[in-house]
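Input: a single structure, listed below in structure tokens.
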Amino acid sequence: MLRGEHVMARLQRGRLVPHRLRPDDRPVREVAEKLIGLYADHASARGTRARLEGEATLLEEEIGPRLDVRRGFRIVRALAKLLEERSAWAPPTEADPYTLRTRLFELAAALPELPAEGGLLLEGSTRGDLLLQVARETGLEDPASLMYADRQGAQVLAGFEAPTPEELVGRYNVAQIQGVLYGARGLTVDLEAGSDARLVFHYVKTLGLIYTVEPTRKGHRLRLDGPLSLFGGTRKYGLRLAKLVPGLLLTEPWELHADVQWKGREASLELSSETPGLRSHYRGPAEASPESEGDVRGAFEKAWDRAKETGGWELGEGPGILPLPPLKTALVPDFTLRETGTGREAHLEILGFWSEKHLVERVALVREAAKRGHRVIVAAPESLGSSPEALRDATEGEVVPFKSRLDVKGVLAALGS
Amino acid sequence: MDLTYDSGTLVVTVTGGPPPPEPFVWDARTAQWRAPAGAYREVVLGLEASGIEYVDRASRTEKLRLESRVAMEPRPYQREALGAWRRGRPELRGVVVLPTGAGKTAVAVSAMEKLGRSTLVVVPTLALLKQWYSVLQDSFGHDVTVGLLGGGYHEITPITVTTYDSAYIHAERYGDRFGLVVYDEVHHLPAEKYAVIPKMLLAPYALGLTATPERPDGGHERLPELVGPVVYRRSPEDLAGTYLAPFETVRIPIQLTAQERVDYSVADAVYRDFLQKHRLSVRSPEDWQRFIMVASTSHSGGREALLAARRRQELRANAERKGATLERLLKEHWSDRTIVFTKSVEEVYALSGRFLIPGITYETPARERKEILDRFREGRYRAIVASDVLNEGVDVPEANVAVILAGSASRREYVQRLGRVLRPREGKRATLYELVTEGTGEEAVARRRTEPYAASAGAP
């Protein structure tokens with residue numbers, strides 16, 4: 001994430017266009033490569049933070065203006081900030097600088113006069129004597145230089161996860177959009193058919209946002225803000241709304257709209273999954289590994305089609321979003337099952353990966369949905385979680401366990417019960 | 001009905017019966033009745049008065065047995081201030097206005113002791129965070145661990161100190177834990193961003209402390225709603241002579257060396273040319289901001305002007321003779337308690353290494369900071385050097401000599417820094433040295449700093 005002062009955008013008839021870099025632009029590539037190179041070199045040389053910052057400033061002055069006369073400095077600084085997120089820093093010495101300096105201060109304060117550098121010709125330097133004494137005590141060659149070795153600037157770059165120039169520029173473009181959202185009071189997201197609403201609600205819940213949902217022609221519209229927004233708009237949740245964006249970028253299609261305050265003026269930001277060149281740096285929650293889940297779902301659909309006996313139930317597309325507002329989240333089942341004779345309905349959600357805590361929460365959601373008249377059956381694989389016993393205990397038998405693939409019989413049994 | 005706390009708000013679950021009274025509003029988003037957590041006191045009093053049955057699952061505040069270990073005979077005005085706060089309308093809510101150096105912290109410590117509730121202290125700077133940590137640890141540390149939130153610390157205990165910035169972000173997670181909230185330098189609270197903080201805290205009791213509640217934007221009018229009304233007020237004049245120690249100011253002019261003078265005039269010419277070309281004049285911090293903006297967006301010469309401006313300041317601040325003069329002063333006052341102020345953090349570390357005296361900046365860890373100041377107080381350390389951290393009401397007891405190196409032109413800052421050596425101590429005569437570089441703009445800065453204050457400055 002960028003600091004406020006790195007955020008740049010253009011205001012065009014009330015609409016904000018966050019600053020963007022083109023990864024195929026030669027000067028941009030060059031700047032990205034040089035910066036990544038600087039960090040990588042520093043990591044292999046275990047250079048100090050102060051030196052890296054100094055060199056980054058020089059680089060800023062050298063390549064910044066070539067990139068953009070006015071804003072080059074800021075762009076380079078912003079890129080460096082994003083590389084900082086991929087850096088790990090470590091202390092430069094095993095000696096404890098605190099103990100060292102405290103010893104020096106105590107010895108100095110015990111002297112009858114200030115430990116001067118030069119002193120009179122015959123007296124010699126009391127400061128030098130003192131440093132020598134401490135060098136002997138600690139075995140450190142130059143105690144004065146290590147007095148403040150625990151300062152941030154003295155830390156050395158111990159690890160750096162180098163991105164490609166394209167990755168860095170992509171991260172920059174998303175970070176600028178996020179920066180604009182720091183000033184947002186709320187966010188409207190139109191999730192269109194085919195987008196992974198389950199994934200979106202995962203982020204909505206973990207970020208502690210509050211939503212309302214309404215159906216639209218193409219899918220669903222989410223309005224997002226926070227608990228206190230009820231009492232007059234606040235920009236307190238801007239940072240969290242910004243953190244949602246990389247989550248959104250893991251799926252498509254969607255459109256986003258936000259009213260934000262930009263330099264004291266009201267403006268709006270609009271964005272969609274069609275906007276080119278945006279890539280998420282989030283890895284997605286563990287549960288949402290689309291391939292494996294997709295497999296299980298597809299396999300279940302096939303198994304259902306082949307099954308001789310389905311007890312009068314028909315398998316259809318999922319119902320979309322079942323909102324559960326007090327729990328700040330929603331259920332997004334995969335399928336809806338309908339009993340032909342009675343018209344009874346039940347929804348089926350197939351989980352990919354799960355943990356015990358995750359399942360307990362899921363069961364709470366199922367109960368909340370039941371209160372609202374929705375019957376939801378959750379199926380979870382035994383192999384990916386802990387033991388089958390743990391699964392049964394955690395969920396009090398409300399989850400259908402399966403081995404590698406979910407079979408029709410198990411689901412029918414759950415429907416019958 | 002059931003009352004719960006949810007992320008800075010109060011939520012009511014009604015099982016049958018009428019909807020909860022104001023200030024609850026229906027939250028259609030989550031289908032619940034919701035109110036800001038700050039309304040907790042009003043809500044509970046309202047429910048009690050109307051005899052509605054309710055279960056309070058919101059408040060997780062704690063009763064504490066707090067007995068300050070630091071023996072303190074409160075000064076009469078401190079006792080009056082506490083009494084006025086306790087008897088205020090509404091009681092136990094309000095702002096106490098006392099001049100810098102008059103012991104506002106002591107008022108808060110007594111209030112905490114009397115009330116005996118889990119307490120959150122909110123302060124504007126990391127320096128104050130560490131200062132309060134130190135005071136509270138001394139007073140109550142034997143009974144309660146003091147927690148810190150902000151500046152890299154994230155430890156919540158029944159007595160926690162935090163910054164306005166951290167409270168803005170995190171209060172909603174911990175806003176159910178504290179019965180009392182103390183806002184230090186409470187004039188920061190009405191800022192648009194920070195005014196959200198009291199909304200997220202259910203603390204029924206609040207104490208605001210400041211030397212100057214008035215804000216140029218009129219925000220102080222919101223204080224009654226945010227913390228309570230001003231319940232007690234004393235000006236420096238009210239307390240001068242009796243409670244604030246007399247001091248004298250000595251201004252020492254510093255001349256640049258020949259080489260420094262040449263460098264300075266070159267940098268100065270570049271800087272002034274740019275100002276003239278863009279018809280700018282720099283007389284206030286706002287002007288300076290404007291210069292930075294124009295220079296950083298200018299196509300030609302802006303960058304050079306910025307560098308020249310920086311070089312000018314460096315020369316002025318780090319003039320060689322300044323260092324030598326400081327050395328002389330430290331020598332002369334080696335048996336006094338001396339505190340050196342400088343503007344730059346790097347300079348603190350440089351001087352600390354040069355004279356082997358402890359340095360304090362915003363980077364100094366809370367525990368070490370406390371140790372240094374404790375030892376300075378006991379006389380184990382003779383001198384310390386500090387950057388801006390000692391601003392804004394951070395107290396350095398027992399200092400009787402202060403040296404200012406390269407201060408800025410803010411009057412408030414100056415007054416508050418003076419407050420540090422104003423700490424009363426028997427038979428104490430404080431001296432404040434100001435080292436001002438000659439032939440540069442710094443003289444004007446020093447003059448400007450004193451002027452509005454001239455009438456009341458100096459030995460009373």
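All chains are named by letter (A, B, ...) in the order of the sequence lines, taking the proteins before the strands, and each is independently numbered beginning at 1. Here the structure is a predicted model, which is why all the values come from computation and not from measurement.
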Legend entry - Interface moiety of A:P112 toward chain B, non-hydrogen atoms closer than 4.5 Å: backbone
Inset, instruction - Answer whether the closest heavy-atom distance between the side chains of B:R34 and A:I210 falls below 4.5 Å. - result: yes
Legend entry - Per-residue contact mode, A:T102 against chain B (heavy atom under 4.5 angstrom): both
Inset, instruction - Without swapping roles, check the side chain of A:K236 against the backbone of B:Y168 for a donor-acceptor pair under 3.5 Å. - result: yes
Inset, instruction - With a 4.5 Å cut-off on heavy-atom pairs, point out which of B:S335, B:G379, B:A35 contacts chain A the most. - result: B:A35
Legend entry - Distance, nearest 0.5 Å, that separates CG of A:L230 from CG of B:D27: 4.5 Å
Inset, instruction - Tell me, with the steps shown, if B:E368 and A:R101 meet side chain to side chain contact (heavy atoms under 4.5 Å, CB included). - result: CA-CA 11 Å; B:E368 184 180 354; A:R101 61 177 174 260; 2.7 Å; yes
Legend entry - Heavy atoms from other residues, nucleotides or ligands near NZ of A:K205 exceed 12 (cutoff 6.0 Å): yes
Inset, instruction - Would you mind checking which part of B:S7 comes under 4.5 Å of any heavy atom in chain A, side chain (CB onward), backbone (N, CA, C, O), both or neither? - result: both
Inset, instruction - Go through the atoms of B:S352 and report whether side chain, backbone, both or neither lie under 4.5 Å from a heavy atom of chain A. - result: both
Inset, instruction - Quick one: which of B:Y349, B:Y381, B:F355 has the most heavy-atom pairs under 4.5 Å with chain A, could you say? - result: B:Y349
Inset, instruction - Quick one: do B:R375 and A:E106 satisfy side chain to side chain contact (heavy atoms under 4.5 Å, CB included)? Show the steps, please. - result: CA-CA 10 Å; B:R375 289 181 178 181; A:E106 285 185 332; 2.7 Å; yes
Inset, instruction - Pick one of side chain, backbone, both or neither for A:R240, based on which atoms fall under 4.5 Å of a heavy atom in chain B. - result: side chain
Legend entry - Derivation and outcome, side chain to side chain contact (heavy atoms under 4.5 Å, CB included), residues B:K199 and A:T234: CA-CA 12 Å; B:K199 278 194 192 170; A:T234 167; over 6 Å; no
Legend entry - chain B contacts, top residue of A:P115, A:P227, A:G226, A:A108 (heavy-atom pairs, under 4.5 Å): A:P227
Legend entry - Over 12 non-hydrogen atoms of neighbours within 6.0 angstrom of CD in B:E378: yes
Inset, instruction - Determine the option with the most heavy-atom pairs under 4.5 angstrom with chain A, choosing from B:R354, B:R380, B:K193. - result: B:R354
Inset, instruction - Without swapping roles, check the side chain of B:R382 against the backbone of A:A109 for a donor-acceptor pair under 3.5 Å. - result: yes
Legend entry - For chain B, the option from A:V213, A:D225, A:L104 that forms the most heavy-atom pairs under 4.5 Å: A:D225
Inset, instruction - Heavy-atom distances under 4.5 Å only: say whether B:I372 touches chain A with side chain, backbone, both or neither. - result: neither
Inset, instruction - Below 4.5 Å from any heavy atom of chain B, which atoms of A:Y211 appear? Answer side chain, backbone, both or neither. - result: backbone
Legend entry - Test item: A:M147 and B:L356 side chains (from C-beta on) under 4.5 Å apart, heavy atoms: yes
Inset, instruction - Find out whether B:E371 and A:Y98 are in side-chain contact, i.e. whether some heavy atom of one side chain is under 4.5 Å from a heavy atom of the other. - result: yes
Legend entry - Heavy atoms from other residues, nucleotides or ligands near CD of A:E141 exceed 12 (cutoff 6.0 Å): no
